[in-house]
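Reviewing the structure listed below.
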Amino acid sequence: MHVELREIRDFLAGHPPFHLLPEAVLDQLPQWIEIRYLRRGDPFPPDGEQPRLFVVRKGAVALHDRSGRLREKLGEGDAAADQCAKPSMDSEIRGEAVEDTLLYEIPCARIHRLREMSEPFDRHFSADLRQRLKDALDLVQDAEGAFPYPWTTLRDLLHGPPVMVSTQESIRQAAKRMTDAGVSSVLVTEDGALAGIVTDSDLRRRCVAVGRSVEQPVREIMTPEPHTASPDATLMEALTLMTRLQVHHLPVASGSEVLGMFSTSDVARLQNAHPAYLIRDIARAREVDELVRACRRLPHLQAQLVAASASARQVGEVVSCITDALTDRLLVLAEARIGPPPVPYVWVVGGSQSRREQSVHSDQDNALILSDDYEPRAHGAYFEALAREVSDGLDACGFPYCPGDAMATNTQWRQPLHVWRGYFRRWIETPEPKALMLSCIFFDLRPIRGRFSLFETLQAEVLERSRHNSIFLAHMVANALTHRPPLGFFRSFVLIHDGKHDDTLDLKHRGTVPIVDMARVYALAHGLPQVSTVERLHAAGEAGALSREMAENLADAFEFISSVRLRHQAAQIRRGEPPDNYVPPAELSGLERRHLKDAFAVIQTIQETLARRYQVHSLS
Amino acid sequence: MFGPFVSLERRRARALADTAPGPLHDYLAVPFPSRNRDLAEVELVVLDLETTGLDPGRDRILSMGWVLIRGLRVVLASAQHHILRVDGPIPEAAAVLHEITDDRAARGAPLESILPQLLQTLAGRVMVAHHARLEQRFLDAACRRDLGGPFLAPTIDTLVLARRVLERRNHTLQSGDLRLFALGRRFGLPAYKAHDALYDALATAELFLALVADIAPRPPRPLKWFLSRR
């Protein structure tokens, strides 16, 4: 830079897409900029001879689509990049300055050159929403660094190069090297290839205890040709192998190259943080208090999973898995106390636990489907007590009572199969909006314990009835359209329709809930037995309910919004606050805002498609 | 001595005749833009000088920054920043204010090499400065001393324009209200590092655009509405 306009360079470097440019290119930026001033009410984009990219330096610009609806509001640092992304200048977006505004403009010709110089920058302009959503997920999964989880590979767990001696060296030399490195084992090599392993216990058993001279070659006491693991083996696989072989040390090698050593002391360090151990502790608990203690680890476990770059889907599966184990254990403990059930039952769960999308602060949603042999007079008290025990236990363990009373403790949701059949028949054949909204969670049921066939009979019947009933489906669509995503962000606000602002982004009701609701519609309309949102979407794509691409886009949008929500909650948990779904926009990076906007656009598009197909007009 | 602006062209012709061939002569040979031209069609040079004091006879120019406005757009590619060589010690107050030390100033370019560059840039254009009297007087002194003639240029003073705008809005002006920094804040413009010649020139340029938008939101915007009558 021949002149010092560092301030302008740094301003751009702090905002997308320019933050993606290398330092040297950023230095060049100011000389391509022209600055202009718009008064409030002046049209945007302002007149100009050539297509340009605009960045708001001060002030604000509102953009409308052809029908005059507000699409976007740009504040300080926001770029109107469409002008350069589209092949021609006649963009369909028109707008005006809504405050006195200072604009930077850069000719698109320059932007195109920059796109050739930087691939990430280029991708930012890509019209390919599919690619952008994938980039968004990469961003999430690159975050923060590895923390050991079942799917972590040994490569990520190795610390430092292996400690090695050659077969010719003495036992003393081997012991000295182990002592110096502070390790309990050493690898023995011959001509650079792995020949054996010597551990502390080998020194004790094969040398000291038998009075062998420490000057003998180490070869004499090594365990030859030890088992090795590939660096791509997961932690789970390594643990399984070590248990099977009854060894405490596992050399990690790729082909003939020895990369390091993995030992049980590594495992010990990871233990408490591992969900498998929490599930084990839950399964061993003898009373509810033990379960409550075990579950106190859950919020931190979720936060650690997020820090370990686990995907939202993985976190949801782990948490749901733990809740399943907890529910199952509570039922076992309850049966132990009040006796075996007088008639068969199946305990079913709904909501996020059922969809395997649970996070730690979710409410409990559950129900009991009883055998048709159920006699209220004879068996009512038993099942009421059973439901009460489990529900109270879940609440004590951090899964609060459902505010809508969708729990097995509610007589209405503790009924024999024939009553449940009646419920679903009524919901499907004579749908009423309000009743449907309340019963939504019962279209996501999953059995946890008991006689599963009771549930399977019901589910098959429900899917058969629902898929052919277009009035019911239209009602479900209307329900799925009650929650709408925002347009995007403006300064520290969430921009919703009609130019209104929210202070915080409700990631649940404006993000994940609309997707969950649409996935349910597709499942019911096409008779899909899947319950998890992502699985429903993939199955819907396969069944031709929507294009495969749109199904993937929606699934990625779901994953991205969920992961933003999880990271928000992880930060709250670390600060000792109760986790919630409300993110102040100031907490979001520029890139996250942009990716969220893409995700919102996907939701909006599919909501509109569904509204048209089922002729539901609640969107207007 | 001379009437209002109309006589500037006449003064230019007279000065041209009196000045020996050289950079000043070349500068004066280019006619000033017509007073009736629209602002969007005129090129402007927004200039800021940092000096060791306020007396052009005794004080020195420490640095110069300038940037062009073309089509009512600030063209950053045209931005220039020059630290000038100053022999002898710099008064402490000035050194602190402008962050220009004796050392830095000693390594700067001599005024004789930068002044012709500035004149070349100004030729056929309009000078814009905040409190332009200072720039006028220091450049005049420098031209008379080094180039053998007076400095003449059609000039727009953003301080004068700002006072006009604020008085029209019935603002009671407090001392300090017309400082560049205070005006930038009042008009919602970015705050830059103050007392740096280039950032001050840039801040002046942005203030000028804001003032123009206030005085004449739409064309026509004849140059004469904005020129200082000096």
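Proteins get letters first, then strands, A, B, ... in listed order; numbering begins at 1 in each.
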Which answer fits [X], side chain, backbone, both or neither, if we ask what part of it has an atom under 4.5 Å from a heavy atom of chain B?
X         : answer
Leu102(A) : side chain
Tyr104(A) : side chain
Glu76(A)  : neither

Of the listed Ala210(B), Gly188(B), Gly71(B), Gly65(B), the one with the largest count of heavy-atom pairs under 4.5 Å with chain A is Ala210(B)

Only residue of Lys58(A), Arg40(A), Arg491(A) satisfying salt bridge (Lys or Arg N to Asp or Glu O under 4.0 Å) with Glu99(A) is Arg491(A)

Of Phe11(A), Trp32(A), Tyr37(A), the largest count of non-hydrogen pairs under 4.5 angstrom with chain B goes to Tyr37(A)

For ring pair (Phe, Tyr, Trp, His ring centres under 6.0 Å), just list the numbers for Trp66(B) and His81(B), CA-CA rounded to whole Å, side-chain angles, deciding distance to a tenth of an Å, and then say yes or no. CA-CA 7 Å; Trp66(B) 69 75; His81(B) 191 209; 9.8 Å; no

| request: Answer whether the closest heavy-atom distance between the side chains of Leu76(B) and Leu202(B) falls below 4.5 Å. | output: yes

Review point. Mind checking whether Phe44(A) and Phe54(A) have ring centres under 6.0 Å apart?
Key: yes

Please check if the number of heavy atoms outside Arg60(B) that lie under 6.0 Å from its CZ is greater than 12. no

